[in-house]
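Heads up, the thing below is written out as structure tokens.
Throughout, residue positions are numbered sequentially from 1 according to the sequence presented.
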Amino acid sequence: MRSLLIKSPRQLFIAAILCLIVLAVAVIAYQHTWQSPEAIVKINVMNHGVSLPDGFFLYQHLSAEGITIKSITSGSDSLIISFNSIEDSHAAEKVLKRILDNGYRIE
């Protein structure tokens with residue numbers, strides 16, 4: 001009473017190939033969501049002696065434009081602003097390029 005679904009080496013090979021295909025599709029789908037672009041804008045100082053802009057100042061300007069900010073984090077030489085969506089980060093880039101001078105790199 002042997003009731004295995006796989007009865008021959010050929011069926012085992014086909015089952016293994018199907019499993020590998022399903023695994024590959026799952027990995028590609030996961031990698032696509034994992035590597036989606038982050039909704040951040042990074043501000044760096046271009047010239048020595050220039051300080052980073054005030055986070056509250058930036059918050060006020062971006063909020064006035066209807067852009068929702070998730071967080072503002074400062075590093076030693078940069079300011080990172082996180083948003084809930086890529087659309088907000090793109091809109092924020094445009095506003096920041098308008099209100100900040102050429103002493104800053106906005107990316």
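Here the straight-line distance linking atom OG of Ser71 with atom CZ of Phe83 works out to 9.0 Å at 0.5 Å rounding. Atoms CG and CD1, on Leu52 and Ile72 in that order, are 11.5 Å from each other to the nearest 0.5 Å. One distance of note links OG of Ser8 with CD1 of Ile14; it measures 7.5 Å at 0.5 Å rounding. Of the inter-residue distances, the one linking Leu62 atom CG with Ile69 atom CD1 reads 4.5 Å to the nearest 0.5 angstrom. Taking NZ of Lys94 as the start and CD1 of Ile99 as the end, the distance is 15.0 Å to the nearest 0.5 Å. Rounding to the nearest 0.5 Å places OG of Ser74 at 11.0 Å from CD1 of Ile43.
Under the 4.5 Å side-chain criterion, counting only non-hydrogen atoms from C-beta, Ile81 is in contact with Leu58. At least one side-chain heavy atom of Glu65 sits under 4.5 Å from a side-chain heavy atom of Arg98. Put simply, the side chain of Val50 does not reach to within 4.5 Å of the side chain of Met46, judged on heavy atoms. Looking at Pro53 and Leu100, their side chains come closer than 4.5 Å, going by heavy atoms from C-beta outward.
Partner of Lys42 under the side-chain contact (heavy atoms from CB on, under 4.5 Å) criterion, chosen from Glu107, Arg105, Glu93: Glu107.
Annotation for Val41 and Ala92: closest pair CG2-CB, 4.4 Å, computed over non-hydrogen atoms. Annotation for Gly103 and Asp101: closest pair N-OD1, 2.9 Å, computed over non-hydrogen atoms. What you find for Asn44 and Ser78 is that their closest heavy atoms are OD1-CB, 3.0 Å.
Using the six-membered ring where Trp is involved, Tyr59 and Phe56 have ring planes that are parallel, under 30° apart on the 30 and 60° scheme.
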